[in-house]
There are 2 protein chains.
Amino acid sequence: MVPVKKTDRSQSGATIYDVARVAGVSAMTVSRVMNRNTYVSETTRDKVTAAAASLNYQVNTAARAARVGTLGVGLLYSNPSSAYMSAFLVGAMERCSQSGGQLILERCDDMRSQRNAIARLIANGADGILVPPPLCDSKSALKQLDQIGMPTVAIATGRPLAGVSAVRIDDYAGAMAMMQYLLSLGHKDIAFVQGDPLHTPAQLRYQAYLDAMAQAGLSVAPERVAPGLFTYRSGLNAARQLLGNKSRPTAIFAANDDMAAAVIAVAHGLHLQVPQDLVVCGFDDTPVATAVWPELTTVHQPIGDMARAAVDMLIEQIRRRRAGETAPVQHQLLPFTLITRESSDPAAAPDLLTG
Amino acid sequence: MVPVKKTDRSQSGATIYDVARVAGVSAMTVSRVMNRNTYVSETTRDKVTAAAASLNYQVNTAARAARVGTLGVGLLYSNPSSAYMSAFLVGAMERCSQSGGQLILERCDDMRSQRNAIARLIANGADGILVPPPLCDSKSALKQLDQIGMPTVAIATGRPLAGVSAVRIDDYAGAMAMMQYLLSLGHKDIAFVQGDPLHTPAQLRYQAYLDAMAQAGLSVAPERVAPGLFTYRSGLNAARQLLGNKSRPTAIFAANDDMAAAVIAVAHGLHLQVPQDLVVCGFDDTPVATAVWPELTTVHQPIGDMARAAVDMLIEQIRRRRAGETAPVQHQLLPFTLITRESSDPAAAPDLLTG
DNA sequence: CTGAAAGCGCTTACAG
DNA sequence: CTGAAAGCGCTTACAG
């Protein structure tokens with residue numbers, strides 16, 4: 001009986017050595033190709049790529065992390081209970097585990113506590129930082145990160161800084177698409193609920209509303225615009241203001257879904273049927289959009305995709321920085337989609353009390 | 001100029017060798033202590049523990065993973081848009097990154113697709129599986145996992161199986177606490193919105209409602225109980241049913257927050273003020289509880305803590321299994337908290353339309 | 001542009 | 001119960 005030597009391997013698939021053997025090069029060269037290192041001839045690169053593909057080779061991110069140190073992807077988040085943040089977290093998490101990044105979370109609600117939160121994130125091993133809204137619009141946070149040379153990606157900011165990488169949608173165009181839709185439905189008296197004025201996407205959405213009205217030759221009375229802060233609560237106040245007068249708009253476009261949901265609640269309280277008596281639209285297409293009744297017409301923002309893109313960009317930046325290269329600033333614009341549902345469709349929706 | 005040899009280290013803190021030196025033992029022994037391996041004398045274990053503490057040593061999970069293979073923590077989830085799932089995900093993710101586990105997600109809404117989802121999870125490298133609601137109540141899923149010897153932890157099931165580890169709260173006691181509170185407020189005519197009948201916590205919450213009423217000597221008319229499915233939508237139907245008659249209850253206890261939020265919406269549609277005309281309570285304390293107006297009195301379920309506990313239990317099981325030991329089945333019960341807010345407090349809440 | 005050697009921090013598989 | 005040796009899969013730091 002020849003004793004079978006138990007294998008010491010920790011991985012089932014192909015390793016870098018298998019690829020090297022098949023490609024007829026050294027493991028080092030395979031490593032270079034996998035890390036997109038530039039010092040490899042095109043011929044060699046092609047051979048390695050082909051070998052890797054034929055073996056279905058996947059880099060062992062754990063082994064890489066053991067050697068290189070963990071890739072700490074810091075996330076400066078606020079408002080963990082919002083649907084927006086949840087969608088973002090899931091996307092970021094998913095991509096991090098694929099790419100071998102380790103997500104490090106630090107909550108930061110308060111603009112004043114920013115500095116501390118950034119310091120804690122770095123102390124906990126962050127090699128780069130993801131900045132989702134609303135912090136993405138804080139110039140002081142972004143400057144602080146830039147000064148210490150920390151790779152950074154801002155997410156969903158309306159006005160990306162020239163020196164900071166960003167992933168976003170075109171909020172202006174998204175709101176404009178919604179307005180064109182409402183106008184095409186024949187609405188002429190459209191009211192607007194503003195978002196947090198400090199948040200640049202809120203500004204752009206509002207500007208698109210104003211421009212669309214002007215381009216259609218319609219005037220906007222001051223009482224047709226109500227301030228909001230993106231919260232359900234602020235939406236209630238705005239709705240009371242917009243629906244409290246004798247003269248009412250035929251449609252209300254809220255700068256996000258939470259506030260649109262609040263508009264529906266107040267409208268129902270006034271015995272107005274949505275959409276028969278009042279059309280209501282939101283923005284973002286977060287889960288509330290389909291949780292409320294009737295379901296909301298809104299602009300879909302691909303939050304998960306944005307999170308994944310941001311993680312990719314950040315990890316690339318960290319790699320480059322470690323390799324001593326200067327990482328280029330990247331700005332990525334993802335597509336939005338106008339989603340029409342019951343809240344704007346006069347033919348569709350039944351009554352709240354009877355179903 | 002003596003050239004300074006650049007260090008090759010990937011870690012800033014102490015390593016296993018530092019601890020070994022300080023403790024006067026081999027690195028191997030330190031490794032044994034860190035992995036809670038039993039074959040270490042108490043004296044040695046104490047020396048190592050002290051040395052590790054003095055150096056503030058943390059196991060390098062990346063290096064461990066490189067050697068041992070990644071610890072794949074599978075998560076069979078459904079309904080990613082629900083607030084419950086988001087809170088669970090954040091907790092699980094946080095703990096996984098601390099413990100060196102890699103979270104592997106697989107969606108599974110449909111009971112029929114279970115088998116496939118489990119197979120995919122394993123194909124993607126899961127070494128153990130976390131089963132949150134509603135799948136935690138699927139005996140077939142749990143049995144399938146048991147048969148293939150896969151470490152499993154069920155979360156928030158009302159009736160944990162003897163052979164499967166579980167983390168949960170006492171749903172019966174939680175609902176009972178809510179009922180005692182409502183009874184102490186003087187309510188005698190309390191209605192109930194049931195949760196998904198296939199979900200064991202829904203059954204327990206309902207049973208507590210019935211028992212509390214009986215113990216208080218109050219009868220429950222059939223029209224005071226409405227079926228629901230835990231969704232906002234089903235809560236609207238239930239509320240219409242409960243509030244449609246001339247005779248109305250003074251309080252409605254819904255088996256979760258989403259349905260309680262729907263009850264409030266319908267009540268407002270009927271010009272009933274909450275809590276003045278009707279008290280409304282929920283269960284779980286998910287974000288909707290504080291997003292709606294008035295804010296919901298509810299039972300807090302520590303979802304994040306439950307996720308963290310479940311991850312710890314699962315990782316421990318996987319480790320034991322790899323070490324060839326049999327992992328004991330563990331059942332952990334976490335505490336709930338009754339949270340009283342405006343929706344049950346007659347003194348607190350103002351009117352929907354005037355704020 | 002490419003490779004041989006050494007090492008990351010940890011654990012497996014022995015041997016005592 | 002404890003340790004010396006070898007190895008996990010990958011990358012750093014050289015050298016050519």
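Below, read A as the first sequence line, B as the second, and so on, with proteins coming before strands; counting in each chain starts at 1.
- Rounded to whole Å, atom P of D:dC8 lies 18 Å from atom CG of B:N60.
- Remark: C1' of D:dT12 and CZ of A:R67 are 5 Å apart, rounded to the nearest angstrom.
- In this structure, A:E42 places its CD atom 11 Å from P of C:dT2, rounding to the nearest Å.
- With rounding to the nearest 0.5 angstrom, the CD1 atom of B:I16 is 9.5 Å from the OG1 atom of B:T29.
- Between B:I16 atom CD1 and C:dC10 atom P there is a gap of 5 Å when expressed in whole angstrom units.
- Of the two residues contacting DNA chain D, namely B:G24 and B:Y17, the nearest-nucleotide position lying further toward the 5' end is that of B:G24.
- Taking atom NZ of residue A:K47 and atom C1' of nucleotide C:dG3, one finds them 13 Å apart after rounding to whole Å.
- One can place CG of A:D18 at 11 Å from P of D:dC8, the figure rounded to the nearest angstrom.
- If you measure from atom CE of B:M34 to atom P of C:dT11, you get 10 Å, rounded to the nearest angstrom.
- Of all nucleotides listed (D:dG3, D:dA13, D:dC10), D:dG3 comes nearest to the side chain of B:V25.
- The side chain of A:T44 contributes no N or O atom lying less than 4.0 Å from OP1 or OP2 of C:dC1.
- Among the nucleotides C:dC10, D:dC10, C:dC14, the one closest to any side-chain atom of B:A63 is C:dC10.
- Rounded to whole angstrom, the span from the CZ atom of A:R21 across to the P atom of C:dG3 amounts to 15 Å.
- Phosphate contact (OP1/OP2 of C:dG3, side-chain N/O of A:T29, threshold under 4.0 Å): present.
- The minimum heavy-atom distance linking B:L130 with B:P132 is given by the pair O-CD, 3.3 Å.
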Before giving the answer on salt bridge (charged side-chain N to carboxylate O under 4.0 Å, His left out), spell out for B:D146 and B:K143 the whole-Å C-alpha distance, their side-chain angles and the decisive distance to 0.1 Å.
-> CA-CA 5 Å; B:D146 190 45; B:K143 271 186 192 164; over 6 Å; no
Dump the intermediate steps for side-chain contact (heavy atoms from CB on, under 4.5 Å) on A:S165 and A:V153, then the final yes or no.
-> CA-CA 5 Å; A:S165 291; A:V153 178; 4.2 Å; yes
Begin with the C-alpha distance, continue with both residues' side-chain angles, and end with the deciding distance and a verdict on side-chain contact (heavy atoms from CB on, under 4.5 Å) for B:L105 and B:Y77.
-> CA-CA 7 Å; B:L105 305 177; B:Y77 75 106; 3.8 Å; yes
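- Looking only at side-chain heavy atoms (C-beta outward), A:R319 and A:L71 come within less than 4.5 Å of each other.
- Paired runs in DNA chain D that reach 3 or more consecutive Watson-Crick or G-U pairs, where each pair keeps both distances under 3.5 Å, cover C:1-3 with D:14-16, C:5-12 with D:5-12, C:14-16 with D:1-3.
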Could you please spell out the steps behind the side-chain contact (heavy atoms from CB on, under 4.5 Å) verdict for A:R168 and A:L333?
-> CA-CA 5 Å; A:R168 61 190 184 96; A:L333 199 66; 3.6 Å; yes
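- The side chain of A:S26 has C:dG3 as its nearest neighbour among D:dT2, C:dG3, C:dT11.
- For D:dG9, neither phosphate oxygen OP1 nor OP2 lies less than 4.0 angstrom from any side-chain nitrogen or oxygen of A:T15.
- Heavy-atom nearest nucleotides on DNA chain C were determined for A:M28 and for B:A27, and the one closer to the 5' end corresponds to A:M28.
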